[in-house]
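Notes follow the structure.
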Protein chains: 2
Amino acid sequence: MPLRIKPSPPHSDGQVAELADLFHLLGDGTRLRIVLACLHAPVSVNSIAGQLGLDNSLVSHHLRLLKAARIVRAERRGKQVFYVAADAHIRRVVTDLLAHLAEPGSGRAR
Amino acid sequence: MPLRIKPSPPHSDGQVAELADLFHLLGDGTRLRIVLACLHAPVSVNSIAGQLGLDNSLVSHHLRLLKAARIVRAERRGKQVFYVAADAHIRRVVTDLLAHLAEPGSGRAR
DNA sequence: TTAACAATTGAACAACTGTTCAATTGTATA
DNA sequence: TATACAATTGAACAGTTGTTCAATTGTTAA
């Protein structure tokens, strides 16, 4: 029996669609910066907007999409609403890819 | 000296923009399926189109973008042009994320 | 209640983008 | 050369989407 090399595993349409949705949401620069801003600790909408120099409204719009996709989680404290990355899974995805980009000679392939 | 917890590392604008670009290109379902089709071995444009049920022209358009971003690499053999994932880096990014999605209870956060 | 602060929402606009179709370029064979 | 096959290219269209602005909801303090 010959050695089988990388049978190129089949992927369900659902999995691919889910992955594409995740990529699509993180594929906007503004939205990605928002995710990075609340990746490790809860941050208020105002704080994110101030930190990134964006309009309050714009940040809220993006956070609504990120929340709907379960990428971030909302938590209200008094007047403010704090957002944070939904779980360790999301954190790993983003930090892993940033690490990948930082790899020597990985800027964009060889 | 108190223990510093997750200083939330600063990310250069260039890194974030690069990462967003990568996400953006993989964020389209059709384009992601094309990348998956030639992830482990070189495949001709016709083969990709036939396999995915897409028009030849559409596949070529997408491959042009993927090639410009150095996500795939082109190689001509006679009449046909074969495309394959640019390097191990790209392969890891995609396969890792697919694995992440396959994790128990990871469909979208907890 | 009133006032001030924080966040959300909806409408509207411009910019972008995925797709289709037709025409063209490149390559190999008769 | 001529023919067929493979891939690329460009224009044009429709649909999507990021952003702005104004108005509204929710919360706390005076």
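Proteins come first, then strands; the chains are lettered A, B, ... in the order of their sequence lines, and each starts at number 1.
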Quiz prompt | Same apolar cluster: L65(B) and L22(B), side chain cutoff 4.5 Å | solution = yes
Quiz prompt | Listed partners of A20(A) passing side chain to side chain contact (heavy atoms under 4.5 Å, CB included), at least two apart | solution =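 So A20(A) forms a side chain to side chain contact (heavy atoms under 4.5 Å, CB included) with L32(B).
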Quiz prompt | Those residues that, when tested against Q51(A), pass side chain to side chain contact (heavy atoms under 4.5 Å, CB included) (two or more places apart) | solution = A37(A), S47(A)
Take the protein atom [atom1] of [X] and the nucleotide atom [atom2] of [N], then report the distance between them rounded to whole Å.
{"X": "R64(A)", "N": "dA6(C)", "atom1": "CZ", "atom2": "C1'", "value": "18 Å"}
{"X": "E75(A)", "N": "dA6(C)", "atom1": "CD", "atom2": "C1'", "value": "16 Å"}
{"X": "K67(A)", "N": "dA7(C)", "atom1": "NZ", "atom2": "P", "value": "13 Å"}
{"X": "L26(A)", "N": "dG18(D)", "atom1": "CG", "atom2": "P", "value": "12 Å"}
{"X": "Q80(B)", "N": "dT8(D)", "atom1": "CD", "atom2": "P", "value": "11 Å"}
{"X": "N56(A)", "N": "dA6(C)", "atom1": "CG", "atom2": "P", "value": "8 Å"}
{"X": "L63(A)", "N": "dG18(D)", "atom1": "CG", "atom2": "P", "value": "13 Å"}
{"X": "L66(B)", "N": "dT8(D)", "atom1": "CG", "atom2": "P", "value": "12 Å"}

Could you go over nucleotides 26-30 of chain D and give all protein N or O partners under 3.5 Å, atom names and distances?
none

Practice problem: Please determine, for the side chain of V45(A), which listed nucleotide (dA6(D), dT8(D), dT8(C)) has the closest atom? | Solution: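 My answer, after comparing the listed nucleotides, is dT8(C).
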Practice problem: Could you work out which one of dT9(C), dA6(C), dT17(C) sits closest to the side chain of H24(B)? | Solution: dT17(C)
Self-check item: Check: F82(A) and R76(A) side chains under 4.5 Å, non-hydrogen atoms
Solution: no
Extract from the structure each pairing of a protein N or O with an N or O of nucleotides 19-21 of chain D at less than 3.5 Å, listing the distance.
unit_1  : atom_1 : unit_2 : atom_2 : d
dT19(D) : OP1    : T30(A) : OG1    : 2.9
dT19(D) : OP2    : H62(A) : NE2    : 2.6
dT20(D) : O4     : H61(A) : NE2    : 3.4
dC21(D) : N4     : S57(A) : OG     : 2.7

Quiz item: Salt bridge between E75(A) and R73(A), side-chain N to carboxylate O under 4.0 Å?
Solution: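 Answer for the salt bridge query: no.
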Self-check item: Qualifying residues under salt bridge (charged side-chain N to carboxylate O under 4.0 Å, His left out), relative to D55(A), sequence neighbours excluded
Solution: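 Residues passing salt bridge (charged side-chain N to carboxylate O under 4.0 Å, His left out) with D55(A): none at all.
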Quiz prompt | Residue pairs fulfilling ring pair (Phe, Tyr, Trp, His ring centres under 6.0 Å) with at least one residue in residues 15-36 of chain A, sequence neighbours excluded | solution =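 Matches after skipping sequence neighbours: F23(A)-F23(B).
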Practice problem: State the CG-CZ distance between L26(B) and R31(B), to the nearest 0.5 angstrom. | Solution: 8.0 Å
Quiz item: What is the distance from atom CG of L98(A) to atom CG of L39(A), rounded to the nearest 0.5 Å?
Solution: 8.5 Å
Exercise. Under 4.0 Å between any heavy atoms, over every strand shown, what does Y83(B) touch: base, sugar-phosphate, or nothing? Just pick one.
Key: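 Touches sugar-phosphate only.
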